[in-house]
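Comments concern the structure below.
Letters go in sequence order (proteins before strands), and every chain restarts at 1. These figures come from a predicted structure and were not determined experimentally.
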Amino acid sequence: MLRLRRRVPHLHLIAKGLSCSCSSSLHHATHLRPNTPQQLQLLKQLVSLLQKHSWSRQATQQVHSHFITSGFLHSQQSTSYILLLVNTLLRCYSLGQFPLEALLLYKNLNYLSFDSFTYTFLLHTCANLHSIFSGLQLHALVFKVGFQSQVYVQTALVYAYAVCGSLVEAMHVFDEMPKRNTVTWNVMISGLAKWGHLQLSRSLFDQMPTRTVVSWTAIIDGYTRMNRPDEALSLFRRMAIYEGIKPSEISLLAIFPAISIVGALKICQSVHTYGEKRGFNISNIRITNSLIDSYAKCGCIKSASRLFEDTSAQRKNLVSWTSIISSFAMHGMGKEAMESFEKMEEVGMKPNRVTFLSLLNACSHGGLVEEGLKFLNKMLNSYQIVPDIKHYGCLIDMLGRAGRLEEAEKMALGIPVEILNVVIWRTLLGACSFHDNVEMGERVTSKILEMEREYGGDYVLMSNIFAGVGMFGDAERLRKLMDKRNIFKVPGHSLV
DNA sequence: GTAGGGTTAG
């Protein structure tokens, strides 16, 4: 509530004004005659309020409820303005976290004669809901009301299908379109790329008449996500240098993971400079966060922490803090990670499960066992965060590295069965192997056998433990067991 | 005075 008040004072005042004189104002509104100048004025006011605060659910709801109580719906005229308001409402709902409300609003007003705008917003709602069922219904409806050949509606259809993963349907609509615009192409390309159909996506990309920065960004993002950083980077270079297309903030966000995978510090630096030149680093905290992360992943913790320090406290968000903690973690700097965490608490930023995962990781890699356990306690008691399997994996790794195998095993045995997986036992088995604990190694191996009978790697690890402590007979026995079950491990090989 | 696309931390 406070946040709303701070962010949208204007709305609040108006809303207050509206409800303040509730008895008079609302009454007044109900008794407005249709199509009076006052009524039009109010409608316009509501529309512009919505435009200004289209991301605020409260604003949307306030306007919505005022719309309902104002009696507009019973007026016979100014339907075009009413439709304008309804469409804007639909747009706001479709963007937000509660897209279902858009469908409900539409359903409640089904006696209005809607236009093509309405249907594009409704289709966006389906996309946000990932509801292919509503998408199909709307597709049929679009035909019924006759908007099936509108480019915007068709594009929205392609988008809704693509987001829901119904790529065959998306392609079908796309293919049948008599006319397409750049956005249509972009929607199809990014839809295919998002679901991993890079080849098809790329061929459309190569085929499309004019490529915008959005087209380039979509395909680059596709390559990055499919773990093909070299292609992503070369396309990025081609776009920026040869085609002279200026990368947008989103292009940068798409290229950072590729930079990180290959560890290209030089590229990271030049993207940093570019972002600086265009003012992205200042205006967009996501860019700063990605830069911190990428610098760390490229091995330059110094640049990462300097960037973090140079960012004003006001701009830092949860991701910024988590990024710097995980940066320290990946560089084995447990102490620095801890200090960052404490500072984060001091400024009143509330950590989440990812923050704790990074922190526990830092403790594990930095050998800070007691501290790690203390943070686990804090996570449970001060923040009421229930550890998930990754937190457990981290803690067991931490205890295992430190040779505190009994505690690690005890913790593993306490993990709820619903989330327990074989990775936990393998982590513990690795620790048993490292610390030559045959007895526990056996116990853990039998756990693994219970959970995953087909996997060969653990047998080999176990038999290596036996062999390592001179128990060749047992190693032999285990190998035999493997042979009996026809399990084999492909030996590691290298091309170098 | 309403339309469409690409988005950070494990």
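Between H124(A) and the phosphate of dG5(B), there is a side-chain N or O to OP1/OP2 separation shorter than 4.0 Å. OP1 or OP2 of dG10(B) has at least one side-chain nitrogen or oxygen of K297(A) nearer than 4.0 Å.
Taking CG of L253(A) as the start and CD1 of I220(A) as the end, the distance is 12.0 Å to the nearest 0.5 Å.
Here S248(A) lies in heavy-atom contact (under 4.0 Å) with a base. Within the 4.0 angstrom heavy-atom criterion, base atoms lie near S116(A). Using a 4.0 Å heavy-atom cutoff across all strands shown, V153(A) reaches no nucleic acid atom at all. Note on F121(A): a base of the nucleic acid sits closer than 4.0 angstrom, heavy atoms only. Across all strands, V47(A) comes closer than 4.0 Å to no nucleic acid atom at all (heavy-atom distances).
Atom pair N352(A):CG and dT8(B):C1' shows a separation of 13 Å (rounding to whole Å applied). For the pair D221(A) CG and dT8(B) C1', the computed distance is 12 Å after rounding to whole Å. Put simply, OH on Y159(A) is 5 Å from P on dG6(B), counting in whole angstrom units. We find that CG of L253(A) is positioned 6 Å from P of dT8(B), with the value rounded to whole Å. M188(A) places its CE atom 13 Å from the P atom of dG6(B), with the value rounded to the nearest Å. The distance from atom CG of L359(A) to atom P of dG10(B) is 14 Å, rounded to the nearest whole Å. In this structure, E249(A) atom CD and dG6(B) atom C1' are separated by 12 Å, rounded to whole Å. Rounded to an integer number of Å, the gap from I282(A) CD1 to dT8(B) P is 21 Å.
Side-chain N/O atoms of T182(A) and base N/O atoms of dG5(B) include no donor-acceptor pair closer than 3.5 Å. Between the side chain of T212(A) and the base of dG6(B), no donor-acceptor pair under 3.5 Å is found. Below the 3.5 angstrom threshold, one finds no donor paired with an acceptor across the side chain of N87(A) and the base of dA3(B).
K343(A) and E339(A) are not joined by a salt bridge, as no carboxylate oxygen comes within less than 4.0 angstrom of a charged side-chain nitrogen. Ion pairing between a basic and an acidic side chain is recognised when a charged N comes within 4.0 Å of a carboxylate O; R401(A) and D397(A) show such pairing.
The side chain of V319(A) lies closest to dA9(B), out of dA9(B), dG6(B), dT2(B). Closest to the S323(A) side chain, of the nucleotides dG10(B), dA9(B), dG6(B), is dA9(B). With distances taken from any side-chain atom of L318(A) to the nucleotides dA9(B), dG10(B), dG6(B), the minimum falls on dA9(B). Comparing atom distances between the F117(A) side chain and each of dG6(B), dT2(B), dG10(B) picks out dT2(B) as nearest. Listed nucleotides dG5(B), dT2(B), dG10(B) differ in distance to L84(A); the shortest reach to its side chain belongs to dT2(B). Minimum atom distance to the side chain of N361(A) is reached by dG10(B), of the listed dG10(B), dT2(B), dT8(B). Checking dT2(B), dT8(B), dG10(B) against the side-chain heavy atoms of S290(A) singles out dT8(B) as nearest. You'll find that the side chain of S190(A) is closest to dG6(B), out of dG10(B), dT2(B), dG6(B). Nearest to the side-chain atoms of R225(A) among the listed nucleotides dT8(B), dG5(B), dT2(B) stands dT8(B). Comparing dG5(B), dA9(B), dG6(B) by their closest approach to the side chain of K194(A) singles out dG6(B).
Across all their heavy atoms, G372(A) and L360(A) have their closest contact at O-CD2, 3.5 Å.
In summary, of the residues considered (T212(A), T155(A), L204(A), I219(A)), a side chain to side chain contact (heavy atoms under 4.5 Å, CB included) with N186(A) occurs for T212(A) alone. The one candidate from S260(A), S327(A), S323(A) that meets the side-chain hydrogen bond (donor to acceptor under 3.5 Å, both in side chains) condition with S294(A) is S260(A).
The aromatic rings of F117(A) and F121(A) lie perpendicular to each other, with more than 60° between the two planes, well past the 30° mark.
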